[in-house]
Novice: 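This is the structure I have questions about; it appears just below.
Letters A, B, ... mirror the listed sequences (proteins, then strands); counts begin at 1. As a basis for the values below, the full set of heavy atoms in this structure was taken, side chains included, without hydrogen atoms, waters or symmetry mates.
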There are 2 protein chains.
Amino acid sequence: MAARMAAYGEEWESEYPRGLKWTKQRKSVYRVLKEAAEPLNASRIYHLAEKSAGGEEYALSTVYRILTAFEEKGLVERNVCLEDGSVVYTLTRDGHTHYAVCLGCRRMIPMQSCPFAHIHLEKETEGFIVTGHRLELYGYCRECGRKMDGLED
Amino acid sequence: MAARMAAYGEEWESEYPRGLKWTKQRKSVYRVLKEAAEPLNASRIYHLAEKSAGGEEYALSTVYRILTAFEEKGLVERNVCLEDGSVVYTLTRDGHTHYAVCLGCRRMIPMQSCPFAHIHLEKETEGFIVTGHRLELYGYCRECGRKMDGLED
DNA sequence: CTTACTGCAAAGGATTTGCAGACTA
DNA sequence: TAGTCTGCAAATCCTTTGCAGTAAG
């Protein structure tokens with residue numbers, strides 16, 4: 001619909017769920033998520049969204065509500081980091097994603113593939129019907145690994 | 001040390017870390033964890049510990065402090081459930097443990113082995129140094145699976 | 001014009017902390 | 001006795017909610 005595309009002078013995102021209003025707050029949050037290279041927590045999204053909107057002030061609670069609404073529509077994925085229980089969000093990707101969590105800089109790096117693609121997890125648990133799984137790797141990313149190596153901190 | 005064994009009329013647990021005092025609160029928490037078949041959260045441990053001590057009243061904050069102290073000594077493992085972000089504790093087992101989380105009854109069932117025993121996770125992430133990993137399976141346990149099958153809820 | 005969406009402030013739940021007294025070792 | 005623990009209450013952190021006003025469609 002052409003009319004929709006006029007809102008805020010930016011194109012209506014094709015993935016944006018019908019039934020949700022395209023407000024400036026939602027636009028900012030959506031853009032932040034779209035441009036994020038890694039999962040972000042609510043507070044980070046909140047700050048980035050304000051910055052993305054040119055310094056306009058939003059309410060943190062609104063960001064939480066937006067994230068929840070997006071999640072219910074399947075637009076975003078809410079992830080709990082196993083290491084510290086922190087909650088992060090990403091736009092939903094095709095299939096599922098696993099992350100490598102850097103213990104140095106705390107970043108969550110998406111893995112390109114799932115190691116279980118060819119493994120039958122069902123064998124592991126008798127009587128348990130497996131419908132999904134989640135895997136996280138811990139360690140050090142290239143930069144942090146290098147830092148520890150060279151500088152021997 | 002024989003002297004240690006006399007405390008509270010119960011044997012000093014061999015795994016109990018040196019450097020931690022063997023108080024009645026710690027004893028109760030330790031016993032609860034030892035007898036638990038599954039990971040428990042702080043609140044649950046708190047109530048069970050009081051019950052285990054014959055109804056004596058403890059402070060929840062004390063239980064948190066005990067859990068933290070135990071964790072620092074490597075006696076217990078703190079786990080975040082990926083499904084809902086809840087935090088649970090277990091006595092540390094040999095090696096690491098993975099859990100199968102039942103989406104029906106919410107129980108966390110320990111898995112007997114690690115599917116990665118023979119897999120090199122390093123291959124998955126270029127430049128990332130893997131030092132550990134965590135895996136969770138989701139699905140339905142025998143009972144919940146049966147319920148859904150037979151009763152067709 | 002209708003009703004979803006937002007901001008604000010207050011409520012909540014889980015966990016942590018400061019402090020003074022209690023209790024192991 | 002010395003230094004750790006504990007209980008209590010207050011403080012945090014993160015997230016949710018109620019309400020009345022604002023704006024999208």
Novice: Between D/dT4 atom P and B/Lys73 atom NZ, what is the distance in whole Å?
Specialist: 11 Å

Novice: Partners of A/Glu83 by salt bridge (charged side-chain N to carboxylate O under 4.0 Å, His left out), sequence neighbours excluded?
Specialist: A/Arg106

Novice: Rounding to a whole Å, what distance do you find between B/Leu20:CG and D/dC5:C1'?
Specialist: 11 Å

Novice: Look up atom CG in A/Leu40 and atom CD1 in A/Ile45, then write down how far apart they are to the nearest 0.5 Å.
Specialist: 5.0 Å

Novice: Hey, could you give me the CG/CG distance between B/Asn79 and B/Asn41, rounded to the nearest 0.5 Å?
Specialist: 12.5 Å

Novice: Measure the distance from OH on A/Tyr64 to P on D/dG18 and round it to the nearest whole Å.
Specialist: 18 Å

Novice: Nearest-Å distance, NZ (A/Lys24) to C1' (D/dA24)?
Specialist: 12 Å

Novice: When all nucleic acid strands are considered with a 4.0 Å heavy-atom cut-off, which category describes A/Ser61: base, sugar-phosphate, or nothing?
Specialist: base

Novice: Which heavy atom of A/Tyr58 sits nearest to which heavy atom of A/Ser28, and what is that distance?
Specialist: OH-OG, 3.0 Å

Novice: With the threshold set at under 4.0 Å for non-hydrogen atoms, list the residues of residues 50-58 of chain A touching DNA chain C in residue-number order.
Specialist: A/Glu57, A/Tyr58

Novice: Please state how far atom NZ in A/Lys27 lies from atom C1' in D/dA24, giving the value in whole angstrom units.
Specialist: 14 Å

Novice: Taking atom C1' of C/dC8 as reference, at what distance in whole Å does atom CD of A/Gln25 sit?
Specialist: 14 Å

Novice: Measure up the A/Trp22 and A/Tyr16 rings against each other and bin them: parallel (under 30°), tilted (30 to 60°), perpendicular (over 60°).
Specialist: perpendicular

Novice: With distance as the sole criterion, is a donor-acceptor pair present between the side chains of B/His133 and A/His98 under 3.5 Å?
Specialist: no

Novice: How long is the line joining CG of B/Asn41 and C1' of C/dA14, in whole Å?
Specialist: 10 Å

Novice: A/Thr23 side chain N/O closer than 4.0 Å to the phosphate oxygens (OP1, OP2) of C/dA4?
Specialist: no

Novice: May I ask you to evaluate whether B/Arg26 reaches the phosphate of D/dT4, defined as a side-chain N or O under 4.0 Å from OP1 or OP2?
Specialist: no

Novice: Can you tell me how far the CZ atom of B/Phe128 sits from the CE atom of A/Met111, to the nearest 0.5 Å?
Specialist: 9.5 Å

Novice: Over all strands shown, is B/Arg65 touching base, sugar-phosphate only, or nothing at heavy-atom distances under 4.0 angstrom?
Specialist: base

Novice: Provide, to the nearest angstrom, the distance between the OH atom belonging to A/Tyr46 and the P atom belonging to D/dT15.
Specialist: 14 Å

Novice: Counting heavy atoms from C-beta on, name the nucleotide in D/dT15, D/dG7, C/dC5 closest to the side chain of A/Ala42.
Specialist: D/dT15

